[in-house]
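Below is one structure; the comments refer to it alone.
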Amino acid sequence: MTVVKCLLHISYDQQRRRLLERLDNPDKHWKFNPGDIEERALWPAYQQAYETALTRCSTRDAPWYLIPSDRKWYRNWAISRLLLEHLTALDPQYPKADFDVEECRERLLSSG
């Protein structure tokens, strides 16, 4: 079975916009972490680490997909397409009954 892994990627500028939105909207303060400001200084190192991880860890049986996520509608569409393609390829089926369906149906109908 193939294992699919997705890495959602937002750009440096989009991350800044989203962090500012969280600060500007009191309803989103709970989503903000002051440490994110310091972490942004490490952006180039994170990008290099992601590239290394994707290069070394993505295989035919366990591929990684980098999903551009600046636009949430596109992120959702891309993930939905990947999920649909992989589920279609898996062709999942309900398990077959391991009992006599007709006999059980008749018993249930006759039991009132």
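The local environment of CZ in Arg71 is sparse, with at most 12 non-hydrogen atoms from other residues, nucleotides or ligands closer than 6.0 Å.
Residues His9 and Gln47 form a side-chain contact, since some pair of their non-hydrogen atoms from C-beta on lies under 4.5 Å apart. Counting heavy atoms from C-beta outward, Cys57 and Trp64 have side chains that approach closer than 4.5 Å. Inter-residue side-chain proximity for Leu66 and Leu8 is flagged as unmet; no heavy-atom pair is nearer than 4.5 Å. Residues Leu7 and Leu54 form a side-chain contact, since some pair of their non-hydrogen atoms from C-beta on lies under 4.5 Å apart. With contacts defined as side-chain heavy-atom distances shorter than 4.5 Å, the pair Lys28/Leu23 does not qualify.
Taking the centre of each ring, Tyr46 and Trp43 stay at or above the 6.0 Å mark.
Considering CG of Leu84 and CD1 of Ile79, their distance stands at 13.5 Å, rounded to 0.5 Å. Within the model, atoms NZ of Lys31 and CG of Asn25 stand 9.0 Å from one another, a figure rounded to the nearest 0.5 Å. Distance check, rounded to the nearest 0.5 Å: CZ of Arg107 to CD of Glu103 gives 5.0 Å.
In terms of heavy atoms, Ser69 sits closest to Arg75 at OG-CG, 3.5 Å. Considering every non-hydrogen atom in both Cys104 and Phe99, the closest pair reads SG-CD1, 3.8 Å. Summarising the geometry of Ile37 relative to Phe32, their closest heavy-atom pair is CD1-CZ, 3.9 Å, with the distance given to 0.1 Å. For the residue pair Asp70 and Ile10, the shortest heavy atom distance occurs at OD1-CA, 3.2 Å. Nearest heavy-atom pair, His29 versus Arg22, reported as atom, atom and distance to 0.1 Å: CD2-O, 3.0 Å. Nearest heavy-atom pair, Tyr74 versus Pro68, reported as atom, atom and distance to 0.1 Å: CD2-O, 3.7 Å.
Remark: the Asp13 side chain and the Gln15 side chain contain no N/O donor-acceptor pair separated by less than 3.5 Å.
Here the side chain of Arg40 pairs a donor or acceptor atom with the backbone of Tyr12 at under 3.5 angstrom. Counting only distance, with no hydrogens or angles, the side chain of Lys5 and the backbone of Tyr65 share no donor-acceptor pair below 3.5 Å. Put simply, the side chain of Ser58 never gets that close to the backbone of Thr55: no donor and acceptor are under 3.5 Å apart.
Electrostatic pairing of Glu21 and Arg17 does not count as a salt bridge here, judged by no charged N lying under 4.0 Å from a carboxylate O.
Put simply, Tyr50 and Leu42 are part of the same group of oily side chains (I, L, V, M, F, W, Y) that touch within less than 4.5 Å, one to the next.
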Dump the intermediate steps for side-chain contact (heavy atoms from CB on, under 4.5 Å) on Asp100 and Glu102, then the final yes or no.
CA-CA 6 Å; Asp100 185 333; Glu102 282 304 314; 3.8 Å; yes
